[in-house]
Protein chains: 2
Amino acid sequence: MPLDLLPVSAPATCCTPAASPAISEQDAVQLARTLKALADPARLRLLSLIAAQDGAEACVCDLIEPVGLSQPTVSHHLKVLTDAGLVTREKRGVWAWFALVPGALEQVTSHLGAHLTGRPA
Amino acid sequence: MPLDLLPVSAPATCCTPAASPAISEQDAVQLARTLKALADPARLRLLSLIAAQDGAEACVCDLIEPVGLSQPTVSHHLKVLTDAGLVTREKRGVWAWFALVPGALEQVTSHLGAHLTGRPA
DNA sequence: TGTCAATATCGACATCCGTCAATCTCCGCG
DNA sequence: CGCGGAGATTGACGGATGTCGATATTGACA
């Protein structure tokens, strides 16, 4: 049945111009790059394992067994996280220690909130 | 005979047990699934465009031109976002309106912070 | 009813991604 | 010096992903 008691409201309501500026193409690419580094179960667990260690740092030998992946795979994931600026790598003698970058995660979430939050008011 | 019993293991500070429990495998998979939906420039822009509209909702015709992708591709990305629970889809006449799911993004960031923050103290 | 416009779905394709085995590099130690 | 171990790099492979053109579907309207 012809509903919409509203006169002609429907046709005009589509394609309204944006009320506020959206995220830029560049910012979207950069933010997506960081999110891609986070968007993997193995890497989330690695970050969580590092965060769970005392001082928020851990050596690779602490991580291989808990995640249940081969050593090269763990090394690969840690490289991805390092390149994304989420962790730092420091060689101490024979061992490589990885530590969370303070504030890195907060920066991601703040960018997300800044661009993707529905109108707060 | 093997000899791990040697007390010399002390100087080797490597391989200390975790100080607190890490994220579970299941939670990691679920969180990664949502992050994967976010980890794409086109989808970030779509979310941002929707958020920028009045009422945090927009119809597809508002989104195709700004993102500069084909209509099927935009439709595909919107489906990914919908399946991830980040936006909702509502058909109004000929048009499909997509709206941000309130609190969905906050839930993601809160889970991130809960598991991946270095010891706050 | 038939046509048109807005979206969704399908099929195909190129690329990217996660994973492992094998190998290489580097460092400490005898 | 040479050995052994920690970890990074390489090569390969199967599966997932982003993109588009073509097509199907659905509602509005004459």
Side-chain angles (χ1 to χ4, degrees), chain A residues 1-4 6-16 25 28-29 32-46 50 57-65 67-84 87-98, chain B residues 2-4 6 8-9 11-15 25 28-29 32-46 58-65 67-84 87-98:
Chain A
M1 64 186 64
L3 27 101
D4 294 30
L6 313 167
V8 211
S9 52
T13 40
C14 189
C15 302
T16 52
E25 172 69 23
V29 170
R33 217 192 307 265
T34 306
L35 287 171
K36 270 183 201 298
L38 284 173
D40 181 273
R43 290 195 285 271
L44 287 178
R45 301 202 70 198
L46 285 173
I50 295 175
E57 66 173 12
C59 94
V60 180
C61 60
D62 286 328
L63 304 172
I64 293 179
E65 180 267 340
V67 295
L69 294 173
S70 71
Q71 175 266 318
T73 300
V74 172
S75 189
H76 161 68
H77 284 310
L78 289 171
K79 177 172 172 50
V80 171
L81 291 173
T82 304
D83 291 346
V87 304
T88 57
R89 175 183 179 275
E90 183 193 354
K91 198 82 179 291
R92 288 187 207 158
V94 188
W95 298 299
W97 287 80
F98 288 85
Chain B
L3 43 160
D4 300 339
L6 297 179
V8 263
S9 53
T13 44
C14 187
C15 301
E25 173 69 23
V29 169
R33 217 191 309 264
T34 307
L35 287 171
K36 271 183 200 298
L38 284 172
D40 181 273
R43 290 195 286 270
L44 286 177
R45 300 203 71 198
L46 286 173
C59 94
V60 180
C61 61
D62 285 328
L63 302 171
I64 293 178
E65 180 266 339
V67 295
L69 294 172
S70 72
Q71 176 266 320
T73 300
V74 172
S75 189
H76 160 70
H77 284 310
L78 288 171
K79 177 171 173 49
V80 172
L81 291 172
T82 303
D83 290 347
V87 303
T88 57
R89 176 184 178 273
E90 184 191 356
K91 198 82 181 289
R92 287 186 208 161
V94 189
W95 299 297
W97 287 80
F98 289 85

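Quick note: numbers below take in every heavy atom, side chains included, and nothing from hydrogens, waters or symmetry partners.
Here D/dA8 presents its P atom at 12 Å from CG of A/L81, a figure rounded to the nearest Å. Across the protein-nucleic acid pair, B/R89 atom CZ and D/dT25 atom C1' stand 11 Å apart, rounded to whole Å. A straight line from CG of B/L44 to P of D/dG18 spans 11 Å, rounded to a whole angstrom. In this structure, CD of A/E90 is placed 13 Å from P of D/dA8, rounded to the nearest angstrom. Put simply, CG on B/L63 is 10 Å from P on C/dA8, counting in whole angstrom units. As rounded to whole Å, 14 Å separates atom P of C/dT7 from atom CD of B/E65.
Listed by chain and residue number, A/P41, B/E25, B/R33 satisfy the side-chain contact (heavy atoms from CB on, under 4.5 Å) test with B/V29 (two or more places apart in sequence, or in another chain). Every residue two or more places apart in sequence or in another chain that forms a side-chain contact (heavy atoms from CB on, under 4.5 Å) with B/T34 is listed here: B/Q30, B/L86, B/V108. Among residues two or more places apart in sequence or in another chain, the side-chain contact (heavy atoms from CB on, under 4.5 Å) test is passed with A/E90 by A/R92. With sequence neighbours left out, the side-chain contact (heavy atoms from CB on, under 4.5 Å) criterion links B/H77 to B/D40, B/A42, B/R43, B/L46, B/L69, B/T73.
The backbone N or O of A/L78 sits less than 3.5 Å from a side-chain atom of A/T82, completing a donor-acceptor pair.
Of all heavy-atom pairs spanning B/R45 and A/A28, the tightest one is CG-CB, 3.6 Å.
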>> For nucleotides 24-30 of chain C, give me one character per nucleotide, 5' to 3': B if any protein heavy atom sits under 4.0 Å from the base, S if the only such contacts are to the sugar-phosphate, - if neither.
In response: -------
> When every nucleotide of nucleotides 13-23 of chain C is labelled 5' to 3' by its protein contacts under 4.0 Å (heavy atoms), B for base, S for sugar-phosphate only, - for none, what sequence of letters results?
Replying inline: -----SBBBB-
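Close to D/dA6, at under 4.0 Å from its OP1 or OP2, lies no side-chain N or O of A/R92.
Legend: salt bridge (Lys or Arg N to Asp or Glu O under 4.0 Å) pairs involving residues 70-82 of chain B, not counting sequence neighbours, sorted by first then second residue: B/K79-B/D83.
Remark: A/D62 CG to A/W95 CH2 distance equals 10.5 Å, nearest 0.5 Å.
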